[in-house]
Each structure stands twice: as structure tokens, then as C-alpha cells.
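One-based numbering along the sequence shown. Nothing here was measured: the structure is a model prediction, and the numbers come from that model. Counting starts at 1 for both ligands and their atoms, in listed order. Computed over heavy atoms, backbone and side chain alike; hydrogens, waters and symmetry mates excluded.
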Amino acid sequence: MLRDRFDRIINYLRISVTDRCNLRCKYCIDKDFPFIQRDEVLTYEEIIRFVRISARSGVKKVRLTGGEPLTRRNLPFLVTEIGETPGIEDISLTTNGVFLADRIDELTAAGLTRVNISLDTLKPEKFAYITGFDVFDRVMEGIEKAKHAGLDPVKINTVIIKGFNDDEVLDFARFANAWEVEVRFIEFMPFSQTSLWDATKVITSDVLMHTIRELYELSPYRNAHKGPASMFTMKGGPGKIGFISPISSHICKDCNRIRLTSDGKLKPCLFSDQEYDVKALLRGGASDEDIARFVAEIVHAKPEKKFEGGMIKKCQRPMRNIGG
Ligand code: SAM
């Protein structure tokens with residue numbers, strides 16, 4: 001079992017399979033930022049070996065993310081291999097949804113059980129503005145197909161940015177009910193390259209909750225896959241909403257995750273620039289035991305919480321690079 005110095009059990013591995021993305025969300029990526037060289041990106045064989053070693057140490061859940069994971073060729077192969085790894089109980093995906101309608105059958109056949117789809121606006125013209133591409137309808141089709149394929153729950157990740165989409169909070173609550181999905185509002189976080197970020201653009205979960213309570217009675221709800229979101233049911237509807245509050249609250253005490261970047265660095269904390277080079281071991285002839293020991297040491301070094309000196313720090317790596 002992987003246990004850190006603060007008695008947290010780490011059983012969740014998020015893997016960024018690529019830093020490439022088919023969208024250019026203005027808050028996530030600056031247009032001209034170079035991508036990681038292909039030969040620096042972990043191969044599927046390297047990822048699968050790492051998952052196998054981690055699973056033996058106690059990792060039970062894996063989420064594939066990116067960049068956009070569906071831009072990487074033959075992702076269903078990776079889903080199957082990870083899903084069949086002894087010890088892995090849950091394999092899920094975070095995607096922008098653009099390619100989901102086309103790939104959903106292969107992905108579910110490969111064993112995918114859950115999906116999170118990012119969607120920051122319900123207005124096609126705003127979608128085209130923030131992502132740089134006029135593909136809103138494809139994302140909606142992806143959500144529909146994911147539901148139809150029986151993936152449950154379908155979660156929608158919505159980053160709220162003041163002046164961009166804070167006027168759509170109630171629309172998203174209605175959408176959660178109409179589409180029977182879980183909408184999770186995420187506080188806008190500071191990462192490098194997001195020249196858009198400044199503290200005045202963050203709207204905290206409290207404020208959002210207050211707005212939604214004007215229309216809906218909210219009751220706390222805890223689902224089987226407990227995560228960083230505080231989830232609520234809305235009286236009178238089947239949808240659920242949630243709040244992920246990395247800026248306004250400490251979600252660190254329940255943190256159960258580590259992250260593997262697309263270029264093979266292990267990050268014990270999303271908000272810290274601390275990272276450890278697993279790829280050097282994977283490519284340098286290290287044994288499984290050496291790698292397992294390395295992972296245990298990294299887990300041990302996991303910071304207690306994300307704040308340094310009372311302030312949340314701007315991370316040097318962009319989210320698409322770390323894996324959101
Ligand atoms: N391409 C996939 C997607 O769109 O979901 C996976 C990668 S994306 C980096 C993962 C999530 O990170 C998305 O929901 C995105 O909105 C979120 N994200 C990116 N930059 C962020 C920021 N500065 N603050 C909060 N969330 C952010």
C-alpha cells in the first residue's frame with residue numbers, strides 16, 4: 001500500500017498520455033507554445049509497465065487525460081491493457097469530447113467505464129471563442145453518445161471564469177437536470193501560459209452555490225467514486241452539481257492521487273513544481289523493484305497541502321502538460 005507521511009493512502013494515478021490537444025482553450029494554452037518532442041513522450045509499453053508496478057504497490061484507479069487523450073493513436077489498446085492489469089478496478093477518461101462520439105464504441109468495448117467531458121459554455125459562439133474551434137455540436141453529440149453507451153456517471157467539467165461564463169451558472173444547473181449528468185464547477189487555477197489568469201477572474205464555489213440556491217434546493221450527495229468535488233442533488237431534478245474548490249478551500253487532506261506526465265515525470269501534487277523522473281528509470285534498465293521503491297519514496301515526499309506561505313503558487317507547467 002502507498003501511504004504518505006500524513007497517513008493518506010495513494011491509490012489513484014492520473015496519466016497524461018499526450019500534451020497535444022486539438023483545441024486551444026485560451027485559459028489553458030498559449031498559441032505558440034512548443035509541444036514535447038515525440039520521443040520524449042512515454043510509449044504505451046512504458047505506461048503499461050508503470051501501471052503494473054504501481055498496481056502492485058496499491059494503485060487501484062487510473063484516469064487517462066492530457067492534452068487531449070483522444071488525439072493519441074489507438075487509445076483503446078491502452079484502456080484494455082490498463083483495465084486488465086491485476087489490481088486496477090477503475091479506468092476512466094477526461095476528454096474535451098470532440099472525438100468522443102466517433103470513439104465511444106471502441107472505448108467502451110475496451111473497458112472504459114466512466115468519462116469526464118470538459119465544457120465551459122453552452123453557447124456555440126462562446127465555445128468557438130474560448131476553444132478556437134467551432135465544434136460545440138460535436139461535444140454535445142459526444143455527451144449524448146456517452147450517456148447512450150451507458151457510461152455512468154457522465155461528468156461535465158466546467159471552469160468558471162469571471163466575465164466569460166459566470167452568467168451561465170444557472171444554465172449549467174438546468175443542463176445537469178435536462179441531460180441527467182453531473183456538472184462540476186471548477187475554480188479557475190493559476191498555471192503557466194495561462195496569461196488569462198488573474199485572481200479577479202476566480203469565482204469561488206461559495207458564490208456559485210449561492211447563485212444556484214436561488215433556484216434550486218441543494219442536498220449533499222456522496223457518490224461511490226468520492227473525489228475532490230462536493231456534490232449536490234437538486235430538488236425536483238435528476239441532475240447533480242458539484243464544486244471543486246482548489247483555490248478557496250483545502251481539498252488536500254483527502255488527496256489520494258499522483259500524476260504521471262506525458263514525458264514521464266511523476267508529480268505528487270498538482271500545485272507543486274516538484275516532479276521526479278520515472279522515464280529515466282524506465283529507459284535506463286531499472287528493475288520493477290527499483291521503480292516501486294522510487295514511487296514509494298515520491299509518495300512519501302507528497303506535500304501536505306498546496307499552499308506555500310499562505311498563497312497558492314503559479315505552477316510552471318501548463319495543465320495540458322501535467323494532465324488535468
Ligand atoms: N483535453 C482534456 C479535456 O479537455 O478535458 C483533458 C485535459 S484538460 C487540461 C483537463 C481539464 O483541465 C479541463 O477540464 C480543463 O478545463 C481544465 N483546466 C485547464 N486549465 C485550467 C485552469 N487554469 N484552471 C482550472 N481548470 C483548468
Should the pair Lys26 and Tyr129 be classed as cation-pi, given the thresholds of under 6.0 Å to the six-membered ring centre and 45° from the axis? yes

Taking the six-membered ring of Phe164, is NZ or CZ of Lys126 closer than 6.0 Å to its centre and within 45° of its axis?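 Judged by the rule (NZ or CZ under 6.0 Å from the ring centre, within 45° of its axis), Lys126 counts as positioned above Phe164.
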
Ligand-side contact atoms (ligand 1) for residue partner [X], heavy atom cut-off under 4.0 Å:
X      : result
Gly67  : 1 (N), 2 (C), 6 (C), 7 (C)
Glu187 : 25 (C)
Thr65  : 6 (C), 7 (C)
Thr94  : 2 (C), 5 (O), 6 (C)
Asn157 : 14 (O)

Distance only, no hydrogens: is a donor on one side chain within 3.5 Å (strictly under) of an acceptor on the other, for [X] and [Y]?
X      : Y      : value
Glu68  : Thr95  : yes
Tyr27  : Asp120 : yes
Thr204 : Ser248 : no
Thr261 : Asp263 : yes

Hey, looking at atom 5 (O) of ligand 1, which of Ser16, Gly97, Ser118 has the closest heavy atom?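 It is Ser118 that holds the nearest heavy atom.
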
Identify which of Leu70, Val159, Thr131, Ile247 has a heavy atom lying nearest to atom 26 (N) of ligand 1. Val159

Where does Thr95 meet ligand 1, judged by heavy-atom distances below 4.0 Å: at the side chain, the backbone, both, or neither? backbone

Would you call the rings of Trp179 and Phe175 parallel, tilted or perpendicular, taking 30° and 60° as the class edges? tilted

N or O pair under 3.5 Å between [X] and ligand 1:
X      : answer
Asp120 : no
Tyr27  : yes
Met189 : yes

Should we count CD of Gln37 as having more than 12 external heavy atoms under 6.0 Å? no

